[in-house]
Amino acid sequence: MDHFELKNGELCAEQVPLAEIAREVGTPVYVYSRATLSRHARVFREALSALPKVHIAFAVKSNPNLAVLRLLAKEGYGADVVSEGEMNRALAAGIAPKDVVFSGVGKTRAELIAAVRAGIGQFNLESEEEGVELAGIAAALGKTAACALRVNPDVDARTHAKISTGKAENKFGVSHDRASGIYARLSALPGLDMRGLAVHIGSQIGDLEPSRQAFLKMGALMNALRVQGFKVTHMDLGGGLGVPYKAGEQLPTPADYGAMVTEVALGWGVTLMFEPGRVITGNSGVLVTEVVRVKRGAGHPWVVVDAAMNDLARPAMYDAWHDFVAVKPSGETMIANIVGPICESSDTFALAREIDAVRVGDLAVFRTAGAYGATMANTYNSRALVPEVMVDGDKWAVVASRIEPATILAAEQVPEWLD
Ligand SMILES: *Cc1c(COP(=O)(O)O)cnc(C)c1O
């Protein structure tokens, strides 16, 4: 459910007509709904309410906008970060260091030092080597780093290959067979407080069974570690729950997910940690675009819009589907290919899609663009970096300015020996 609805024949974000934002800010522009974000944050928390101790760390990579992070901080969310840049954003948004989880397979020495200094709440270690390095850093700084060991459970999340992370051939975590040996060795190191395990098998998960299998494996490993005398007080079950991208698509809901987790993990006697990203932000944003041209083709007409793969990369990267709807639908439809202006054939949003009929100058949106949208944007083809807006009832504000190509050009220089 979201708050992007037709009012008097035109698509609004909450009470604000998207046409008003497009007129004032220009297009393309991402628009987020505060009410939708808050609702998703509360629904996800509510779904876990049968569990005694829960910590929810929002996956910053899905939407790192400062205003989004501030809103989620006010909802009581922590943050799951994968770089020093994301860590600094989370802290700048007012999330307490102790509520931050640092994940990622390639944390650099400089990042580990910065995170230990900042007092980050938990490091999700992706290898024994990382644990050894972190132990040295923490001990030298006179600190103790709380850690979970990320385990690769070797289950197939049955999602797109590029966002599957829990199969043996994926780079993430340590193998299930080696996990208890590594946990034991890291537990002996000064500077580390090994307190639990972490798992994350992928994103846009539409079937709960692989997650259930992974969580059962983690529960068994937790028990085995306890039998060996190790402490396991925290279990981080990652993120990954999918969202519907097509109108009418049925996916497991947060309530279904919560019921599954409760069934598996209720008796574990740990703080359960979660790292949801897409399920919080996905349906909370749209990308507003203007039709630049409608071009006759060999087959269906080409609807060329002013948003491109540099603004919304998911269709080009993952063959992802985003519903495309007119801001002022006439009631008529057409079958068209929707493309951006970039000089790549992968700059294609949809082929042979039945859509609202649109003409040059019309506004339209790509729906469900709040996750992995603006954050993946770049300036390819010397285009601007896309701006972001947040709406709250009848108010709205720019929460990330458009960065013009001239600003990027100004950061480049020609060495004098070239002239
Ligand atoms: C990407 C990621 C998440 C969030 O995934 P979603 O599908 O957006 O929920 C959580 N944890 C880790 C470690 C990740 O890499």
Side-chain angles (χ1 to χ4, degrees), residues 37 40-41 43-45 47-48 55-65 68-69 72 77-83 85-87 90 99-107 120-127 130 147-153 157-167 170-174 196-208 210-211 214-215 218 234-245 251-254 256-258 261 272-285 313-314 317-318 320 368-376:
L37 282 163
H40 290 344
V43 164
F44 191 81
R45 179 184 296 290
L48 302 169
H55 177 71
I56 308 177
F58 170 65
V60 170
K61 78 175 195 271
S62 77
N63 188 324
N65 181 275
V68 170
L69 297 181
L72 292 172
Y77 274 48
D80 172 51
V81 305
V82 295
S83 70
E86 285 191 354
M87 177 184 87
D99 293 331
V100 176
V101 176
F102 204 139
S103 301
V105 70
K107 304 176 198 80
I120 284 321
Q122 179 170 300
F123 291 82
N124 285 357
L125 301 176
E126 299 254 4
S127 64
E130 181 191 345
C147 295
L149 181 63
R150 179 164 176 185
V151 177
N152 185 323
R158 295 180 213 153
T159 184
H160 192 284
K162 288 185 186 168
I163 49 175
S164 168
T165 58
K167 286 198 277 183
N170 298 137
K171 68 181 174 180
F172 298 98
V174 301
L197 300 171
V199 68
H200 172 75
I201 63 168
S203 196
Q204 187 52 16
I205 292 170
D207 171 357
L208 294 178
S211 299
F215 298 166
M218 299 300 285
H234 291 71
M235 293 288 283
D236 184 338
L237 301 184
L241 186 58
V243 300
Y245 279 93
L251 268 93
T253 62
D256 298 332
Y257 174 83
V261 172
L272 282 174
M273 303 171 70
F274 299 88
E275 303 169 347
R278 189 189 310 268
V279 72
I280 308 297
T281 50
N283 288 332
S284 306
R314 300 188 63 259
M317 272 178 79
Y318 315 125
T368 317
Y372 307 101
T375 182
M376 285 192 183

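As the structure lists them, so they are numbered: ligands from 1, and atoms in each ligand from 1. Just so it is clear, the structure is predicted and the values come from calculations on it, not from any experiment.
Which of Q204, E275, E126, R278 comes nearest to atom 12 (C) of ligand 1 through a heavy atom is settled by distance: it is E275. In the candidate list G282, S103, S203, G239, S203 is nearest to atom 7 (O) of ligand 1, counting heavy atoms.
N124 and D236 share a side-chain donor-acceptor pair at under 3.5 Å. Residues R278 and S203 have side chains that bring a donor and an acceptor to within less than 3.5 angstrom of each other. With hydrogens and angles left out, the side-chain atoms of S164 and T159 include no donor and acceptor closer than 3.5 Å.
At a 4.0 Å cut-off, at least one heavy atom of D80 sits close enough to ligand 1 to count as contact. Judged by the shortest distance from any of its heavy atoms, Y372 lies inside the 4.0 Å radius around the atoms of ligand 1. Ligand 1 lies within reach of G240, whose nearest heavy atom is under 4.0 Å from it.
Near R150, meaning under 4.0 Å from one of its heavy atoms, ligand 1 places the atoms 13 (C). Of all the atoms in ligand 1, the ones that sit under 4.0 Å from a non-hydrogen atom of G277 are 6 (P), 8 (O), 9 (O).
When side chains are defined from C-beta on, M235 does not count as touching M273, because their heavy atoms never get closer than 4.5 Å.
A salt bridge between E86 and K61 is absent, with no side-chain N of the basic residue lying under 4.0 Å from a carboxylate O of the acidic one.
For the pair R45 and F274, the cation-pi criterion (under 6.0 Å, within 45° of the ring axis) is not fulfilled.
K61 NZ, 2.7 Å is the protein heavy atom nearest to atom 15 (O) of ligand 1.
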